[in-house]
Student: 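For reference, the structure I am asking about is given below.
Numbering starts at 1 and runs along the sequence shown.
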Amino acid sequence: MLNTQISNQELSEHIRRDLLDGYDEEFELEIEDRHYENGAEAIALSDFEKEQRRLYFRELFRLQAELVKLQDWVVATKHKVVILFEGRDAAGKGGVIKRITQRLNPRVCRVAALPAPNDRERTQWYFQRYVSHLPAGGEIVLFDRSWYNRAGVEKVMGFCTDDQYEEFFRTTPEFERMLVSSGIQLIKYWFSISDDEQRARFLGRIHDPLKQWKLSPMDLESRRRWEDYTKAKEIMLERTHIPEAPWWVVEADDKKKARLNCIHHLLNQMPYQEVPHPTIELPQRERHEDYLRNPVPAEIIVPKVY
């Protein structure tokens, strides 16, 4: 009985932290002056937690400023970058992708999150639908899950045959070497979380109406097949960890630290430098005596409810 009570307390703390992180997420998207004030007032915070959040935001903004420099360098040098994000369901892949892209130009840095293949795509060469999303010079593409679906969900859920599975491992190293030899820098991240942490995050989503959409039947089934996914992950890392494109494992039980660690590591993978920019001067608006602005018809104005 005592162990159950302790487990419930730990679960409540997990859910509380997850709710707090959700408030932080909205706060991060809106703040522009780089000053931390009072976020998530609805949840009581200790002095230690307040200090940790201040440190997190300060470091996040610093790293995001470096990502902007990296973006400018990629454009200036016509570098091509592909970053794969794989990992357990609810491991925080989407969170770190959002922080990476948050302040970058979507024309330079874009996200590829492909749905399940349709009937036509199932008859194509396996890598074909991913190839169309590869970057040109001066672009960064972040794959929110990638061709490694075959090594994970397709294998565990029986969506591919044993022959297709083995063919994947035979061809993937060669495919990735071809990408690298063509001038694409390929970086692969696996987000790792513990059994208890995934359970807590799933339960947090169940109890949060704003996050229930994140729980698909496939996610719930992945929970039941935890051990099968573990075995599939171990085989995948062993058979596709190559010098040209090694795997990097991000320990993600702590979401905030995982984001910072991943972004910090990513920045260190490229020899970027700050690109000088010419001074920007805002031109004066031209004014013409014969110009008359027509009034906007009242019936098409959005009502001022707020």
Side-chain angles (χ1 to χ4, degrees), residues 81-101 109-117 126-127 129-131 133-135 140-157 159-160 164-165 167-177 179-180 184-195 197-198 201-202 214-216 218-223 225-255 257-266 269:
V81 187
V82 169
I83 310 169
L84 308 187
F85 292 88
E86 298 286 345
R88 300 276 190 181
D89 292 313
K93 300 179 295 297
V96 74
I97 289 172
K98 185 178 293 184
R99 273 64 178 193
I100 290 172
T101 61
C109 181
R110 67 179 187 273
V111 179
L114 278 62
Y126 178 71
F127 299 101
R129 70 193 193 112
Y130 297 100
V131 168
H133 294 274
L134 294 176
I140 304 170
V141 178
L142 284 62
F143 279 89
D144 186 353
R145 296 197 182 280
S146 66
W147 47 87
Y148 282 98
N149 278 338
R150 174 140 296 176
V153 63
E154 290 192 19
K155 168 61 177 175
V156 174
M157 301 302 295
F159 295 154
C160 68
Q164 289 173 327
Y165 181 66
E167 176 69 7
F168 172 82
F169 284 126
R170 188 185 70 80
T171 57
T172 294
E174 292 306 314
F175 172 67
E176 293 182 354
R177 290 188 184 102
L179 296 183
V180 174
I184 294 175
Q185 182 173 3
L186 179 59
I187 305 171
K188 304 185 298 192
Y189 288 114
W190 173 269
F191 278 68
S192 177
I193 57 171
S194 64
D195 184 359
E197 182 63 23
Q198 188 191 56
R201 292 184 188 179
F202 275 173
K214 292 185 176 183
L215 276 176
S216 68
M218 201 71 68
D219 295 332
L220 299 175
E221 185 62 20
S222 74
R223 180 64 197 157
R225 303 195 188 199
W226 172 274
E227 293 182 3
D228 292 336
Y229 273 95
T230 298
K231 294 175 184 176
K233 181 251 316 189
E234 291 171 349
I235 294 171
M236 180 194 77
L237 295 181
E238 178 182 355
R239 299 185 67 175
T240 59
H241 180 77
I242 59 175
E244 296 86 351
W247 278 103
W248 299 100
V249 177
V250 180
E251 295 182 346
D253 273 6
D254 186 314
K255 288 182 180 180
K257 290 182 179 179
R259 293 167 193 157
L260 299 181
N261 288 332
C262 183
I263 296 173
H264 181 273
H265 182 270
L266 174 62
Q269 299 310 297

Student: Holding to salt bridge (charged side-chain N to carboxylate O under 4.0 Å, His left out), I want the full list of residues that pass it with Arg201, two or more places apart in sequence or in another chain.
Tutor: Glu197
Student: Distance check, rounded to the nearest 0.5 Å: Arg170 atom CZ versus Phe175 atom CZ?
Tutor: 14.0 Å
Student: What residues, two or more places apart in sequence or in another chain, satisfy salt bridge (charged side-chain N to carboxylate O under 4.0 Å, His left out) together with Arg145?
Tutor: Glu86, Asp89
Student: Please name all residues satisfying side-chain contact (heavy atoms from CB on, under 4.5 Å) with Ala252, sequence neighbours left out, ordered by chain then number.
Tutor: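 Ala252 satisfies side-chain contact (heavy atoms from CB on, under 4.5 Å) with Phe191, Ile193, Ala258 only.
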Student: Under the rule for side chain to side chain donor-acceptor pair (under 3.5 Å), what residues qualify as partners of Asp195, not counting sequence neighbours?
Tutor: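 Asp195 satisfies side chain to side chain donor-acceptor pair (under 3.5 Å) with Arg223 once adjacent residues are dropped.
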Student: Mind checking what makes ring-ring contact (aromatic ring centres under 6.0 Å, His included) contact with Phe159, not counting sequence neighbours?
Tutor: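 None.
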Student: Anything under 30° is parallel, anything over 60° is perpendicular, the rest tilted; go ahead and classify Tyr126 against Tyr130.
Tutor: tilted
Student: Which atom names give the shortest non-hydrogen contact between Tyr229 and Gly152, and what distance separates them?
Tutor: CE2-C, 4.1 Å
Student: How would you list, by chain and number, every residue that makes a side chain to side chain donor-acceptor pair (under 3.5 Å) with Arg239, sequence neighbours excluded?
Tutor: Glu166
Student: With a 3.5 Å cut-off and no angle check, do the side chains of Ser194 and Arg88 form a donor-acceptor pair?
Tutor: no
Student: Ring of Phe85, cation from Lys93 - is the NZ or CZ under 6.0 Å from the centre and inside 45° of the axis?
Tutor: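 No - Lys93 does not lie over the ring of Phe85 by the 6.0 Å and 45° rule.
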Student: For Asp219 and Ser216, test the side chains for any donor-to-acceptor distance below 3.5 angstrom and give the result as yes or no.
Tutor: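 A donor-acceptor contact under 3.5 Å links the two side chains.
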Student: I'd like to check the ring-ring contact (aromatic ring centres under 6.0 Å, His included) partners of Phe202; sequence neighbours left out, ordered by chain and number.
Tutor: none
Student: Where do Val81 and Ile83 come nearest, in terms of heavy atoms and distance?
Tutor: CG1-CG1, 3.8 Å
Student: Please report the shortest heavy-atom distance between Arg129 and Pro117, naming the atom on each side.
Tutor: NH2-CD, 3.5 Å
Student: Among residues at least two apart in sequence or on other chains, which ones pass salt bridge (charged side-chain N to carboxylate O under 4.0 Å, His left out) with Lys233?
Tutor: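 Checked Lys233 against salt bridge (charged side-chain N to carboxylate O under 4.0 Å, His left out); zero matches.
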Student: With sequence neighbours left out, what residues match Glu174 under salt bridge (charged side-chain N to carboxylate O under 4.0 Å, His left out)?
Tutor: Arg177
Student: Could you pull out all residues at least two apart from Trp190 that satisfy ring-ring contact (aromatic ring centres under 6.0 Å, His included)?
Tutor: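 So Trp190 forms no ring-ring contact (aromatic ring centres under 6.0 Å, His included) with any residue.
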Student: Of all residues at least two apart in sequence or in a different chain, which pass the side-chain contact (heavy atoms from CB on, under 4.5 Å) check with Asp254?
Tutor: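 Applying side-chain contact (heavy atoms from CB on, under 4.5 Å) to Asp254 gives Lys256, Lys257.
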Student: Gln269: which residues meet the side-chain contact (heavy atoms from CB on, under 4.5 Å) condition with it, sequence neighbours left out?
Tutor: Gln185, Ile187, Tyr189, Trp248, His265
